[in-house]
**Student:** 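Got a structure for you, questions after.
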Amino acid sequence: MLAPVPEAPTDHQALTGRVPEVDRERLLADLVPPPRFEGERFSTYRPAPDQPTQSAAVERLQAYAESLARPRGSRWSLRRRPQAARGIYLDGGFGVGKTHLLAALWHEAPAPKAFGTFVGFTNLVGALGFGQAVEALRGHRLVCIDEFELDDPGDTVLMSTLLTRLSDAGVSLAATSNTLPDALGEGRFAAEDFLREIQRLAARFEVLTIDGPDYRHRGLAPSPPPPADDVVDRSVRSLGGAVDDFPALLRHLARIHPSHYGALLDGVPAVGWHAVAAVDDQNVALRLVSLADRLYDRDVPVFAAGAPLDQLFTPDLLAGGYRKKYYRAISRLTALAREAAGEVAHGQG
């Protein structure tokens, strides 16, 4: 049985009671794969039997990792370094395991190395300044950029310039971005868009296409129905988590820089939301996407009462330019809701 409901939570038990501060040292130290992918390796990736591009991607990335492990000063590397320094771009819909493979590549590569999201690197540049960010990363053997975003032209140019400087310094690069699921041919368009937007680097990137359905929903039932408010309270508090009113949480996110959302979740084993409703404001929705990514990174179960998670964004937003991000957030939050439902089932068993 689930533990009895404790007394009403104090402010520190709700995310709205937290205002984290993050310094530059933590921004650099956090450039590692998120907790969800700490233990992932090529050997833990399970290619779908009917998707040969997945097996092919594993084989190519293993060879790429081996090339990075060779000493830079060896005769082999001097002859072959231009090939070893080429970037790898993983092209495919979300949920096909691109982040898993990117993390596996990072784990196999020699240090120094960095792993972060597109947003994380833009935040790093904002915190350190462009010149200092280049200096902090130019000695790395590998820099991995997960979820490269093509929505903001300014940020795309910034990252393209940063990656050009790093590539010129001999840093090997690997990147991913997302496409809509079940959109015929859109994965190819994503690759073309990526190469066009970073045209100064395009010739140095090799595109690896990874086909397949979203593994988070492969063979799984649809998103569980939203639990009642009392189930949210009982479940989250029994885990020592944070319970928030969803509209209040969205307002609180506006007061915190998205680069601090990871710190906002420090030590939080589960979250619960009351009064979940569809978001219709783009700025609010993008902040929620960033929070969803950090929740997913940390494998934090989400207990959400109110509107179903597949109705979290209005149809207008889902039809707009940021639809890839919104679908990714829905996919990830649905996976976390399934984990939350599993926690409830276990507690009742």
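Because the structure is a prediction, the values reported are computed rather than measured. What you see below is based on every heavy atom in this structure, not just the backbone, and it leaves out hydrogens, waters and symmetry mates.
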**Student:** Which residues pass the ring pair (Phe, Tyr, Trp, His ring centres under 6.0 Å) test with F42, not counting sequence neighbours?
**Tutor:**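 Applying ring pair (Phe, Tyr, Trp, His ring centres under 6.0 Å) to F42 gives none.
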**Student:** Any side-chain heavy atom of Y45 within less than 4.5 Å of one from Q54?
**Tutor:**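 In contact.
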**Student:** Should L163 and F148 be marked as a side-chain contact (heavy atoms from CB on, under 4.5 Å) after you check the CA-CA gap, both sets of side-chain angles, and the distance that decides it?
**Tutor:** CA-CA 12 Å; L163 297 184; F148 201 103; 3.9 Å; yes
**Student:** Please check if the number of heavy atoms outside E206 that lie under 6.0 Å from its CD is greater than 12.
**Tutor:**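 Result for CD/E206: enclosed.
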**Student:** Can you spot which of L291, D293, D297 makes a side-chain contact (heavy atoms from CB on, under 4.5 Å) with Y261?
**Tutor:**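 Of the listed residues L291, D293, D297, the side-chain contact (heavy atoms from CB on, under 4.5 Å) partner of Y261 is L291.
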**Student:** Give the minimum heavy-atom separation between E40 and H100, together with the two atoms involved.
**Tutor:**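 E40 and H100 have their closest heavy atoms at OE1-CE1, 3.2 Å.
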**Student:** List the atom of L90, the atom of L102, and the distance in Å for their closest heavy-atom pair.
**Tutor:**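 Reported closest heavy-atom pair: CD1-N, 4.3 Å.
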**Student:** Is the distance between the ring centroids of F205 and Y89 under 6.0 Å?
**Tutor:**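 Distance test on ring centres: not under 6.0 Å, no.
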**Student:** So, are R18 and D266 salt-bridged, with charged N and O less than 4.0 Å apart?
**Tutor:**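 No.
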**Student:** At their closest point, which heavy atom of S235 faces which heavy atom of F303, and how far apart are they?
**Tutor:**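 Looking at all heavy atoms of both residues, the closest pair is CB-CE2, 3.4 Å.
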**Student:** Is the closest side-chain heavy-atom distance between R332 and L295 below 4.5 Å?
**Tutor:**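 No. Closest side-chain heavy atoms not under 4.5 Å.
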**Student:** Tell me if a side-chain donor or acceptor on R41 pairs with a main-chain N or O of H107 at a distance below 3.5 Å.
**Tutor:**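 Checking the backbone N and O of H107 against the side chain of R41, no donor-acceptor pair under 3.5 Å is found.
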**Student:** Begin from the C-alpha positions of L336 and D299 and carry the test side-chain contact (heavy atoms from CB on, under 4.5 Å) through to its verdict.
**Tutor:** CA-CA 7 Å; L336 296 174; D299 203 14; 4.1 Å; yes
**Student:** To the closest 0.5 Å, what do you measure between CG (D281) and CZ (R287)?
**Tutor:**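 Between D281 CG and R287 CZ, I get 7.0 Å after rounding to 0.5 Å.
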**Student:** Of the non-hydrogen atoms in P269 and P301, which two are nearest, and what is the gap between them?
**Tutor:**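 Between these two residues, the closest heavy atoms are O-CD, 3.2 Å.
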**Student:** Would you compute the distance between atom CG of L162 and atom CG of L124 and round it to the nearest 0.5 angstrom?
**Tutor:**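 Atom-to-atom, L162:CG and L124:CG are 8.0 Å apart.
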**Student:** With a 4.5 Å cut-off on side-chain heavy atoms, are L15 and L265 touching?
**Tutor:**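 Heavy-atom side-chain distance check passes, below 4.5 Å.
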**Student:** Within the structure provided, determine whether I256 and P20 are in side-chain contact (heavy-atom separation under 4.5 Å).
**Tutor:**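 A side-chain contact under 4.5 Å exists here.
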**Student:** So do the side chains of W273 and L250 get within less than 4.5 Å of each other, counting heavy atoms only?
**Tutor:**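 The answer is no, as the side chains (C-beta and beyond) never meet within the 4.5 Å cut-off.
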**Student:** Considering all heavy atoms of both residues, which atom of E108 and which atom of A65 are nearest to each other, and what is their separation?
**Tutor:**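 Closest pair (atom of E108, atom of A65, distance): CB-CB, 3.7 Å.
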**Student:** Kindly write out the residues that satisfy ring pair (Phe, Tyr, Trp, His ring centres under 6.0 Å) with H260, not counting sequence neighbours, or none if the list is empty.
**Tutor:**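 Ring pair (Phe, Tyr, Trp, His ring centres under 6.0 Å) check on H260 returns nothing, list empty.
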**Student:** Any side-chain to backbone donor/acceptor pair from S167 onto T164? Under 3.5 Å, distance only.
**Tutor:**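 No, the answer is negative, given that no donor and acceptor are paired below the 3.5 Å cut-off.
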**Student:** Does D316 reach the main-chain N or O of D280 with its side chain, forming a donor-acceptor pair under 3.5 Å?
**Tutor:**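 A pair under 3.5 Å: no.
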**Student:** Look at the side chain of R141 and the backbone N and O of A109, then say whether any donor-acceptor pair between them is shorter than 3.5 Å.
**Tutor:**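 Between the backbone of A109 and the side chain of R141 there is no qualifying donor-acceptor contact (under 3.5 Å).
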**Student:** With a 4.5 Å limit on heavy-atom distance, are the side chains of V22 and L27 in contact?
**Tutor:**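 When only atoms from C-beta onward are counted, L27 and V22 do touch, with a gap below 4.5 Å.
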**Student:** Side chain of K98, backbone of G92: donor and acceptor closer than 3.5 Å?
**Tutor:**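 Yes, K98 side chain to G92 backbone: donor-acceptor pair under 3.5 Å.
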**Student:** Take a 6.0 Å sphere around CZ of R294 and say whether it holds more than 12 heavy atoms from other residues, nucleotides or ligands.
**Tutor:**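 Correct, the count exceeds 12.
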**Student:** Measure from the side-chain N and O atoms of S55 to the backbone N and O of P47, and report whether any donor-acceptor pair falls under 3.5 Å.
**Tutor:**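 Answer holds: no.
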**Student:** With the 4.5 Å side-chain cut-off for hydrophobic clustering, are V143 and F130 part of the same group?
**Tutor:**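 Yes, same cluster.
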**Student:** So that I can tick it off, tell me whether D168 and R204 are bridged by a salt bridge, with the cut-off set at under 4.0 angstrom between side-chain N and carboxylate O.
**Tutor:**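 So R204 pairs with D168 through a salt bridge.
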**Student:** What is the minimum heavy-atom distance between A133 and V125, and which atoms define it?
**Tutor:**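 Closest approach of A133 to V125, heavy atoms only: CB-CG2, 4.0 Å.
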**Student:** Going by atom type alone, with no hydrogens or angles, which donor-acceptor pairs under 3.5 Å involve a side-chain atom of residues 115-122 and a protein atom two or more places apart or on another chain?
**Tutor:**
residue : atom : partner : partner atom : Å
T117    : OG1  : G120    : N            : 2.9
T122    : OG1  : F118    : O            : 3.4
T122    : OG1  : V119    : O            : 2.8

**Student:** Is there a side-chain contact between I330 and L318 (heavy atoms, below 4.5 Å)?
**Tutor:**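 In contact.
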**Student:** Side chains of Y326 and Q282: closer than 4.5 Å at any heavy-atom pair?
**Tutor:**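 SC-SC contact between Y326 and Q282 confirmed.
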**Student:** What distance do H274 atom NE2 and D233 atom CG have between them, rounded to the nearest 0.5 Å?
**Tutor:**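 Rounded to the nearest 0.5 Å, the NE2-CG separation comes to 3.5 Å.
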**Student:** Atom CG of L137 and atom CG of L28: how far apart are they, to the nearest 0.5 Å?
**Tutor:**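 Reported value, rounded in 0.5 Å steps: 7.5 Å.
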**Student:** Quick one: pull up CZ in R328 and CG in L333 and give me the separation to the nearest 0.5 Å.
**Tutor:**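 The CG atom of L333 is 10.5 Å from CZ of R328, to the nearest 0.5 Å.
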**Student:** If I take atom CH2 from residue W106 and atom CG from residue L101, how far apart are they, to the nearest 0.5 angstrom?
**Tutor:**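 Between atom CH2 of W106 and atom CG of L101 there are 16.0 Å.
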